[in-house]
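Beneath this line is the structure, given in structure tokens, with notes to follow.
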Amino acid sequence: MAGLYPAGIEPHAHGMLDVGDGNRVYWETCGNPAGKPALVLHGGPGSGAGPFWRRLFDPAAYRVVLLDQRGCGRSTPDAADPGTSLAANTTPRLIADIERVRQHLGIEKWLVLGGSWGVTLALAYAERHPACVSELVLFSVTSTTRREVEWVTRDMGRIFPEEWARFRDAVPEAERDGSLVDAYARMLADPDPAVRERAAREWCRWEDVHVSTRPGHQPDARYDDPRFRMRFARLVTHYWRHAAFLEDGALLRDAGKLAGIPGVMVHGRMDISGPPDIAWRLARVWPDAELVLIGDEGHGLSGDATTEAVLAATDRFRPARSS
């Protein structure tokens, strides 16, 4: 993809941090050990922080911290296992995990970059700990309100009617007019492994549909892995059915706490998974944010223009090189 820093950036340190509740969170640092600290918050929930994220930062300028949020990636226990309880997997606990990692690494302040669900988490973290955040770089802006969850799981059936009918019809008939995210969460907890597998497959199939607005979209190969499907579907439905464990609308209401934190929000106008009005409304109440709307791109970093805008933001905030 155009503009990314070269592949092959490897961690110079990594570890597993015990964060309590039986959870151990994987973290790694790469780039310049003496560089400006930057934290990556991946999407999903449940995607994990793969090597791609390292390439969004100048490795000579940044000390980049990647972590796998509870239950996913290399963190343990793995949400793909049906016996793994998600009771201690909540947004307040993720925020506490981030703080533990920051303190463990001896970082005073860091730039925070997040995409999609990672935006919700980044905003929640920054509003709780604004003194620890130097800048925010956010793309595919979401706030995981109940309205947003209803939009993705029901209203977008008007845009993809055939695909949504399949998504709806995978749940028991008596539950099809209620909360689909609740219905899927129940199926993913079913004692029958065949029921769980079907729910994970159909949830991820729908996830792939509603991000497919860009011409030439290719299905996400991660969903071919049954363990990734299960991990991802369990964590997304867990967080979505609880509206991210946040008071509904609180992130927008409390955006004034971000005053003094420079930010860039990059969003595709064709992003129907996270409609642009979410980012637009946030930009109106966050005084130090710049909103960059990319005309013909959708959700995530599937297009060159969105990727280049995110890279331009991290380049803008990197420290000046000494002569």
Using the rule that Ile, Leu, Val, Met, Phe, Trp and Tyr join whenever any side-chain heavy atoms are under 4.5 Å apart, tell me whether Val292 and Val137 fall into a single cluster. yes
Under the criterion side chain to side chain contact (heavy atoms under 4.5 Å, CB included), I'd like the reasoning laid out for Ile107 against Leu39: C-alpha separation, chi angles, the key distance, then a yes or no. CA-CA 10 Å; Ile107 291 170; Leu39 169 69; over 6 Å; no
Same apolar cluster: Tyr26 and Leu86, side chain cutoff 4.5 Å: no
Are Val133 and Leu258 packed together at the side-chain level, in the sense that at least one heavy-atom pair is separated by less than 4.5 angstrom? no
Side chains of Leu293 and Pro276: closer than 4.5 Å at any heavy-atom pair? yes
How far does CG of Leu111 sit from CZ of Arg318, to the nearest 0.5 angstrom? 13.0 Å
Give the minimum heavy-atom separation between Leu56 and Tyr5, together with the two atoms involved. C-CD1, 4.2 Å
Are Met187 and Pro172 close enough that some pair of their side-chain heavy atoms sits under 4.5 Å apart? yes
Quick check: does any side chain N or O of Trp206 sit under 3.5 Å from a backbone N or O of Arg166, one acting as donor and the other as acceptor? no
Option passing ring pair (Phe, Tyr, Trp, His ring centres under 6.0 Å) with Trp240 (candidates Phe232, Trp203, Trp151, Phe245): Trp203
Taking all atoms of both residues into account, what is the closest heavy-atom pair of Leu235 and Pro45, and its distance? CB-O, 3.7 Å
Would a distance-only check, ignoring hydrogens and angles, find a side-chain to backbone donor-acceptor pair under 3.5 Å from Asp68 to Ala49? yes
Taking atom CG of Asp177 as the centre, does the number of heavy atoms from other residues, nucleotides or ligands within less than 6.0 Å exceed 12? no
Would you call Arg102 and Glu99 a salt bridge, using N to O less than 4.0 angstrom? yes
Between Arg74 and His14, is any pair of side-chain heavy atoms under 4.5 Å apart? no
Heavy-atom side-chain proximity of Asp58 to Thr314 below 4.5 angstrom: no
So do the side chains of Glu290 and Arg316 get within less than 4.5 Å of each other, counting heavy atoms only? yes
Check step by step if side chain to side chain contact (heavy atoms under 4.5 Å, CB included) holds for Thr84 and Asn89. CA-CA 10 Å; Thr84 297; Asn89 207 317; over 6 Å; no
What's the verdict on salt bridge (Lys or Arg N to Asp or Glu O under 4.0 Å) for Glu10 and Arg54, showing C-alpha distance, side-chain angles and the deciding distance? CA-CA 8 Å; Glu10 295 296 330; Arg54 304 169 188 163; 3.7 Å; yes
Asp288 (side chain) donor-acceptor with Gly260 (main chain) under 3.5 angstrom: yes
Looking at Arg269, I'd like to know if its CZ atom is crowded, meaning that more than 12 non-hydrogen atoms belonging to other residues, nucleotides or ligands lie closer than 6.0 Å. no
Is there a path of hydrophobic side-chain contacts, each under 4.5 Å between heavy atoms, that joins Val310 and Ile9? yes
Glu148 side, atom CD; Asp277 side, atom CG - distance, nearest 0.5 Å: 8.0 Å
Quick one: CZ on Arg168 to CG on Leu180, what's the gap to the nearest 0.5 Å? 8.5 Å
Using a strict 4.0 Å threshold on nitrogen-to-oxygen distance, state whether Glu197 and Arg229 make a salt bridge. yes
Grouping I, L, V, M, F, W and Y whenever their side-chain heavy atoms are under 4.5 Å apart, do Tyr184 and Val195 come out in a common cluster? yes
Using a 6.0 Å cut-off, check whether atom CZ of Arg176 has over 12 heavy atoms from anything other than its own residue. yes
From CA spacing to verdict: side chain to side chain contact (heavy atoms under 4.5 Å, CB included), Arg205, Glu202: CA-CA 5 Å; Arg205 188 192 302 270; Glu202 293 302 329; 3.4 Å; yes
Would you find a donor on one side and an acceptor on the other, under 3.5 Å apart, between the side chain of Glu308 and the backbone of Gly3? no
Looking only at heavy atoms, which two atoms of Arg93 and Asp21 are closest? And how far apart? NE-OD2, 3.2 Å
CZ (Arg222) and CG (Asp208) are apart, to the nearest 0.5 Å, by 9.0 Å
Heavy-atom pair of closest approach, residues Pro130 and Ile261: O-CD1, 3.8 Å
Is it the case that the side chains of Thr142 and Ser116 hold a donor-acceptor pair, with the cut-off being a distance below 3.5 Å and no angle test? no
Sidechain N-carboxylate O distance under 4.0 Å for Arg147, Glu150: no
Between NE2 on residue His210 and NE2 on residue His299, distance to nearest 0.5 Å: 7.5 Å
Could you pull out the closest heavy-atom pair between Arg63 and Leu105, with the gap in Å? NH2-O, 3.4 Å
On a heavy-atom basis, the closest approach of Thr145 and Gly249 is CG2-N, 4.1 Å
Hey, could you give me the NZ/CZ distance between Lys36 and Phe317, rounded to the nearest 0.5 Å? 7.5 Å
Met230 and Asp81: CA distance, side-chain angles, deciding distance, side chain to side chain contact (heavy atoms under 4.5 Å, CB included) verdict: CA-CA 8 Å; Met230 186 62 63; Asp81 296 325; over 6 Å; no
In terms of hydrophobic clusters joined by side-chain contacts under 4.5 Å, are Leu291 and Val112 together? yes
Any side-chain heavy atom of Val181 sitting closer than 4.5 Å to one from Arg154? no
With a 4.5 Å limit on heavy-atom distance, are the side chains of Leu113 and Trp53 in contact? yes
